[in-house]
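This chain uses plain numbering: 1 for the first residue, then up along the sequence.
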Amino acid sequence: MTSTIFDALEQDMGRDAALRFVALVERYMACTRDGSGPVSTPHTPAELAERFDEPLPLDGHPLGDVAERVERDILSDINRLMHPMYMGHQVSPPLPAAIWMESLIGAMNQSVAVSEMSPTGTAVETRLIRGMCELAGFPEGSGGTLTSGGTEATFTALLAARAAAMPHALEDGIGADPPVIVCGEHAHYAVTRAAAELGLGLKRAIAVPSRDYRIDTQALAATLDALERAGTRVMAVVATAGSTATGSFDDIDAVGAMCEARGLWFHVDAAHGGSALFSPAHRHRLRGIERARSIAWDPHKMMLMPIATGMLLVRDERELENAFAQQAPYLFHGAGEGARIVDQGVRSFQCSRRVDAFKVWVAIQRYGARGLAALYDHLCSLARTLHDEIGTCEDFERVHEPESNILCFRWVGDGTHAPDDLDRANRELRERYNRSGRGWITTTVLDGRRVLRVTLMNPRTRPEHLRRLLDGLRAEARRLTA
């Protein structure tokens with residue numbers, strides 16, 4: 001006789017049920033971290049879609065059968081981020097302690113929007129944000145919120161900047177002559193997306209040219225002068241700390257000083273590079289970050305947290321709360337008179353929100369700030385090692401100096417190929433290499449030319465894996481040009 005849904009619920013709450021999935025995680029980690037097996041899938045999107053092309057089941061299946069299918073049909077063809085040859089996007093192979101905490105976060109299912117729904121979650125997030133503000137050099141009165149990622153963090157920061165520049169915009173709108181946002185040409189698309197979604201319009205995001213893939217501060221000063229002469233209001237200036245394409249850091253101190261002198265909101269998109277604050281060897285790249293009024297920072301990047309774990313820090317927490325100045329008496333009523341802990345939902349887009357602060361807190365408790373610094377330093381050193389290795393090669397050329405764990409380079413073959421042919425070859429080379437299962441990298445366009453791009457996110461990656469990368473690309477290049 002088929003068990004009822006209520007029987008299934010009771011069965012699935014036991015140790016045997018849990019161990020089925022713990023075993024899946026353990027086997028996945030074991031078969032990837034030793035560097036054996038393919039990094040990704042050889043199957044096309046259409047082939048994978050066909051595998052799951054089926055109606056929703058009317059009746060459930062035994063949990064053991066479901067777990068077996070997860071391993072057979074899902075785990076077999078994922079991108080294996082824990083494989084030391086995965087060198088693709090800025091998505092981490094998560095720290096083990098944070099992985100285990102994820103299941104407990106799901107089991108507790110606390111909503112951190114209001115303190116009464118997540119009393120310990122509110123306390124942990126409040127103190128975690130405070131600690132990160134201290135790392136950034138922010139004063140008392142600073143604060144922030146966890147977010148889904150850097151895009152939401154930057155959008156929320158610019159919403160706060162709009163509230164400061166246009167206090168009545170929340171009720172009255174932005175009017176016919178909105179202000180502009182100024183950023184570097186290598187800023188993340190989150191900045192232009194925010195300009196559009198805040199009602200300013202894409203054309204109100206002004207891109208300043210770069211020098212060595214960093215914002216040109218002289219060009220920035222000239223741009224701000226020209227806007228002032230034209231009577232155009234500047235809502236915010238955005239600097240990037242760890243750009244997506246090259247991992248480069250803008251001169252935060254110089255841009256911050258410029259904004260202070262002009263009374264402009266200064267936002268730092270440190271989604272990728274914010275974790276350099278942990279590292280004595282690299283935190284100089286963020287010199288001047290205490291000048292910012294807001295900082296976007298993604299622990300799910302260089303702190304190696306599971307997705308989704310973003311964060312926004314603001315120098316004055318009241319400016320963030322002003323951006324969400326709406327009344328919801330059925331929810332927000334703080335933690336009592338005199339309490340330092342208040343509802344988190346008053347400074348965030350999200351209402352029903354997981355307590356992702358728990359996994360960050362657990363990881364810091366387990367590995368410590370020095371451990372996180374060591375991981376950051378290791379990943380950055382790998383990019384430097386690859387850069388130096390490419391310098392000894394005749395068939396590859398270096399494109400830029402690495403400032404973090406991201407490096408772009410270009411296959412040039414024997415030097416006889418035309419630039420346009422090399423663009424096509426580098427694009428196809430990446431696709432063939434990824435399909436081969438030997439590794440996984442990305443590509444981008446710099447200075448109008450197609451380049452190969454690696455992001456070294458895996459602590460298990462070692463110099464020998466970097467040599468395997470170049471050897472694998474060479475092998476595909478020989479097939480490509482045969």
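- The pair Glu428-Arg424 fails the salt-bridge criterion, with no side-chain N (NZ, NE, NH1 or NH2) lying under 4.0 Å from an Asp/Glu carboxylate O.
- Side-chain contact between Ser275 and His282: absent, with no pair of heavy atoms (C-beta onward) separated by less than 4.5 Å.
- Nearest heavy atom pair, residue His465 against residue Met87, reads O-CE, 3.8 Å.
- For Ile390 against Glu397, the heavy-atom pair with the smallest separation is CG2-C, 3.9 Å.
- Within a 6.0 Å sphere centred on CD of Gln218, other residues, nucleotides and ligands contribute 12 heavy atoms or fewer.
- You'll find the side chain of Thr126 reaches within 4.5 Å of the side chain of Gln344, heavy atoms only.
- Under the 30°/60° scheme for interplanar angles, the aromatic rings of Phe155 and Phe349 are found to be tilted.
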Exercise for the section: Would you check, one step at a time, whether the test side chain to side chain contact (heavy atoms under 4.5 Å, CB included) holds for Tyr376 with Phe278? Expected result: CA-CA 8 Å; Tyr376 188 95; Phe278 285 106; 6.0 Å; no
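- Separation of atoms CG (Leu95) and CG (Leu304) is listed at 4.5 Å; rounding is to 0.5 Å.
- Distance CE/Met311 to NE2/His300: 10.5 Å, rounded to 0.5 Å.
- No more than 12 heavy atoms of other residues, nucleotides or ligands shown are found within 6.0 angstrom of CD on Glu171.
- In the model, Thr455 has no side-chain atom that pairs as donor or acceptor with a side-chain atom of Gln90 under 3.5 Å.
- Going from atom CG of Leu372 over to atom CG of Asp377 covers 11.0 Å, rounded to the nearest 0.5 Å.
- A side-chain donor-acceptor contact under 3.5 Å links Ser404 to the backbone of Gly247.
- Across all non-hydrogen atoms, the minimal contact from Met305 to Ala98 is SD-CB, 4.1 Å.
- For the pair Arg293 and Asp316, the minimum side-chain heavy-atom distance is 4.5 Å or more.
- Under a 4.0 Å N-O distance rule, the pair Arg51/Glu47 does not qualify as a salt bridge.
- Contact between Ile441 and Val454 at its shortest, heavy atoms only, is CG2-CG1, 3.6 Å.
- A 6.0 Å sphere centred on CD of Glu197 holds more than 12 heavy atoms belonging to other residues, nucleotides or ligands.
- Rounded to the nearest 0.5 Å, atoms CG (Leu286) and CG (Asp253) are 11.0 Å apart.
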Exercise for the section: Output, in order, the C-alpha distance, side-chain angles, deciding distance and verdict of side chain to side chain contact (heavy atoms under 4.5 Å, CB included) for Glu125 and Arg353. Expected result: CA-CA 12 Å; Glu125 179 166 325; Arg353 177 160 65 87; 3.0 Å; yes
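- Counting heavy atoms from C-beta outward, Phe409 and Leu386 have side chains that approach closer than 4.5 Å.
- Judged as a salt bridge (Lys or Arg N to Asp or Glu O under 4.0 Å), the pairs with a partner in residues 207-220 (not counting sequence neighbours) are, in order, Arg211-Asp216, Arg214-Glu403.
- Residues Ile181 and Thr192 have side chains not in contact (no heavy-atom distance under 4.5 Å, counting atoms from C-beta outward).
- Using a 4.5 Å heavy-atom cutoff, the side chains of Thr444 and Thr244 are not in contact.
- From Cys351, atom SG reaches atom CG of Asp343 across 10.0 Å, with rounding to the nearest 0.5 Å.
- Remark: the backbone N or O of Ala276 is not paired with any side-chain donor or acceptor of Ser279 at under 3.5 angstrom.
- In this structure, the side chain of Ser40 does not engage the main chain of Asn79 through any donor-acceptor pair within 3.5 Å.
- A distance-only check finds a donor-acceptor pair linking the side chain of Arg204 to the backbone of Pro178 [under 3.5 Å].
- Between atom OH of residue Tyr433 and atom CG of residue Leu452 there is a gap of 10.5 Å, rounded to the nearest 0.5 Å.
- We find that Asp420 and Arg450 are not joined by a salt bridge, their nearest charged nitrogen and carboxylate oxygen being 4.0 Å or further apart.
- No donor-acceptor contact under 3.5 angstrom links the side chains of Asp269 and Thr240, judged on distance only.
- Side-chain contact check for Arg233 versus Met166: some heavy-atom pair is nearer than 4.5 Å.
- Using a cut-off of 4.0 Å between Lys/Arg side-chain N and Asp/Glu carboxylate O, Arg354 and Glu102 are scored as salt-bridged.
- A salt bridge does not link Arg315 with Glu290: none of the charged nitrogens is closer than 4.0 Å to a carboxylate oxygen.
- Side-chain atoms of Asp53 never come within 3.5 Å of backbone atoms of Ala49 as a donor-acceptor pair (strictly under, hydrogens ignored).
- No donor-acceptor pair under 3.5 Å is formed between the side chain of Thr154 and the backbone N or O of Val191.
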Practice task
Apply side chain to side chain contact (heavy atoms under 4.5 Å, CB included) to Leu104 and Met108, showing your working.
Solution key: CA-CA 6 Å; Leu104 189 54; Met108 292 184 291; 4.0 Å; yes
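- Between the side chain of Arg453 and the backbone N or O of Ala245, at least one donor-acceptor pair lies under 3.5 Å.
- Comment: Asp225 engages Arg262 in a salt bridge, judged by a side-chain N to carboxylate O separation of less than 4.0 angstrom.
- Atom CZ of Arg384 has more than 12 heavy atoms from other residues, nucleotides or ligands within 6.0 Å.
- Shown here for Met82 and Pro94, the closest heavy-atom pair between the two residues is CE-O, 3.7 Å.
- Between Ala160 and Ala323, the shortest heavy-atom contact is CA-CB, 3.7 Å.
- Of the possible polar contacts, one joining the Arg162 side chain to the Leu198 backbone as a donor-acceptor pair under 3.5 Å is found.
- Atom CD of Glu228 has 12 or fewer heavy atoms from other residues, nucleotides or ligands within 6.0 Å.
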Handout entry: side chain to side chain contact (heavy atoms under 4.5 Å, CB included) between Asp423 and Arg449, worked out
Key = CA-CA 6 Å; Asp423 286 344; Arg449 290 300 173 194; 2.6 Å; yes
Exercise for the section: Test His267 against Ser294 for side-chain hydrogen bond (donor to acceptor under 3.5 Å, both in side chains), laying out the working first. Expected result: CA-CA 5 Å; His267 174 66; Ser294 55; 2.8 Å; yes
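- Salt bridge status for Glu134 with Arg127: present, with a side-chain N to carboxylate O gap under 4.0 Å.
- Looking only at distances, no side-chain donor or acceptor of His417 sits under 3.5 Å from a matching main-chain atom of Leu422.
- The side-chain heavy atoms of Phe324 and Val346, taken from C-beta on, include no pair separated by under 4.5 Å.
- Cation-pi check for Arg430 over Trp440 is met; the charged atom lies under 6.0 angstrom from the ring centroid and within 45 degrees of its normal.
- Judged by distance alone, the side chain of Asn405 and the main-chain N or O of Leu382 form no donor-acceptor pair under 3.5 Å.
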